[in-house]
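The block underneath contains the structure these notes are about, expressed in structure tokens.
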Amino acid sequence: QITLKESGPTLVKPTQTLTLTCTFSGFSLSESGVGVGWFRQPPGKALEWLALIYWAGDKGYSPSLKRRLTITKDTSENQVVLTMTNMDPVDTATYYCAHRRCGGGSCYHTFDYWGQGTLVTVTS
Amino acid sequence: QSALTQPPSASGSPGQSVTISCTGTSSDVGGYNYISWYQQHPGKAPKLMIYEVSTRPSGVPDRFSGSKSGNTASLTVSGLQAEDEADYYCSSYAGSNNYYVFGTGTQVTVL
């Protein structure tokens with residue numbers, strides 16, 4: 001059974017750096033094709049994709065946030081970490097991590113298991 | 001990177017059908033058959049309902065179906081049930097830079 005859980009601070013101050021950890025089970029980031037993505041959703045607003053890391057270490061970032069984001073993985077600890085620099089109140093959102101769907105020897109451009117999300121509020 | 005356009009709301013009575021559109025460009029929706037649809041109930045994480053335009057993961061009722069024509073994808077929910085009342089988001093893969101774009105979201109109400 002695949003599960004993911006986000007952890008990190010619930011409150012950050014403007015200009016600070018946010019570090020979020022996604023701890024997962026039920027799959028390994030050393031398996032070919034596997035990936036973990038990060039997403040966010042401001043209160044009452046739409047989902048937004050932030051970043052993605054693949055089993056081989058390839059990474060992708062939202063073009064609009066690329067200069068502020070870093071995604072890394074710790075395969076032995078089954079964790080993916082997202083850092084976002086220079087936080088602003090507009091970054092207040094629920095942050096989710098999710099598993100890239102794989103099955104039957106194929107992987108897909110979609111995400112089938114999601115964490116419960118963690119609300120991060122940016123305020124002074 | 002602009003969000004895909006969805007109608008803000010849609011509604012139908014129990015047993016009826018509702019269709020939600022998702023309009024993008026040739027760089028996303030029109031360029032790839034990697035369209036996903038997610039259902040999200042209030043306070044909950046998104047749930048994958050459709051991927052690759054029209055494929056349902058196991059456990060998703062066949063009342064949910066997807067299609068695509070040009071730069072517009074669609075999700076149809078047939079035989080509406082009370083539990084289908086939720087927000088729905090489309091998403092499209094958008095290229096070799098490994099990025100994804102989401103829709104603006106549609107709130108479905110079962111009357």
Side-chain angles (χ1 to χ4, degrees), chain A residues 1-6 22 24 33 35-67 69 71 93-104 106-119, chain B residues 1-9 20 22 24 27-29 31-60 66 73 75 86-107:
Chain A
Q1 180 185 1
I2 291 175
T3 64
L4 304 97
K5 186 173 184 179
E6 306 86 353
C22 176
F24 57 85
V36 172
W38 280 97
F39 307 79
R40 71 178 179 179
Q41 186 173 35
K45 297 189 178 181
L47 290 162
E48 178 184 17
W49 173 74
L50 300 177
L52 172 65
I53 191 164
Y54 290 108
W55 83 106
D58 298 11
K59 304 170 186 179
Y61 296 102
S62 165
S64 61
L65 293 168
K66 185 175 184 176
R67 61 182 175 84
L69 295 174
I71 189 170
T94 296
Y95 288 75
Y96 296 97
C97 61
H99 168 265
R100 182 193 187 200
R101 181 173 179 82
C102 291
S106 298
C107 292
Y108 306 92
H109 291 293
T110 194
F111 299 89
D112 55 356
Y113 291 91
W114 292 65
Q116 64 189 23
T118 185
L119 176 61
Chain B
Q1 184 194 15
S2 298
L4 307 176
T5 301
Q6 298 180 232
S9 62
I20 304 166
C22 169
S27 296
D28 38 63
V29 175
Y32 305 92
N33 287 325
Y34 300 134
I35 311 302
S36 299
W37 288 91
Y38 298 92
Q39 177 192 66
Q40 188 179 35
H41 288 106
K44 300 297 186 181
K47 175 186 177 182
L48 178 65
M49 304 301 284
I50 295 283
Y51 66 101
E52 291 195 338
V53 178
S54 59
T55 303
R56 284 186 311 276
S58 61
V60 173
L75 173 72
D87 293 329
Y88 292 83
Y89 293 93
C90 62
S91 176
S92 174
Y93 177 71
S96 59
N97 284 330
N98 295 328
Y99 74 86
Y100 298 83
V101 61
F102 277 84
T104 50
T106 298
Q107 183 176 57

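Note that the structure is predicted; figures quoted are calculated from it, not measured. Reminder, nothing fancy here: chain letters follow the sequence lines and each chain counts from 1.
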Rounded to the nearest 0.5 Å, how far does OH of B:Tyr99 lie from OG of A:Ser64?
9.5 Å

Best-contacting candidate, A:Gln41, A:Lys45, A:Gln116, against chain B by heavy atom pairs under 4.5 angstrom
A:Gln41

Just by modelled atom types, is the A:Gly37 backbone N or O under 3.5 Å from a matching donor or acceptor in the A:Arg100 side chain?
no

How many angstroms lie between atom CG of A:Leu50 and atom OG of A:Ser62, to the nearest 0.5 angstrom?
6.5 Å

Using heavy-atom distances under 4.5 Å, tell me whether B:Gln40 contacts chain A through its side chain, its backbone, both, or neither.
side chain

Let me know if A:Phe39 has heavy atoms under 4.5 Å from chain B in its side chain, its backbone, both or neither.
side chain

Cut-off 4.5 Å, heavy atoms of chain A, and the answer for B:Lys47 is neither

So which residue, B:Pro46, B:Gly105, B:Ser91, ends up with the most heavy-atom pairs under 4.5 Å with chain A?
B:Pro46

Just to verify, which of B:Tyr34, B:Tyr38, B:Tyr51 counts as forming a side-chain hydrogen bond (donor to acceptor under 3.5 Å, both in side chains) with A:Thr110?
B:Tyr38

Using the rule given for ring pair (Phe, Tyr, Trp, His ring centres under 6.0 Å), can you reason through A:Tyr113 versus A:Phe24, listing the C-alpha separation, both sets of side-chain angles and the distance that settles it, and then say yes or no?
CA-CA 10 Å; A:Tyr113 291 91; A:Phe24 57 85; over 10 Å; no

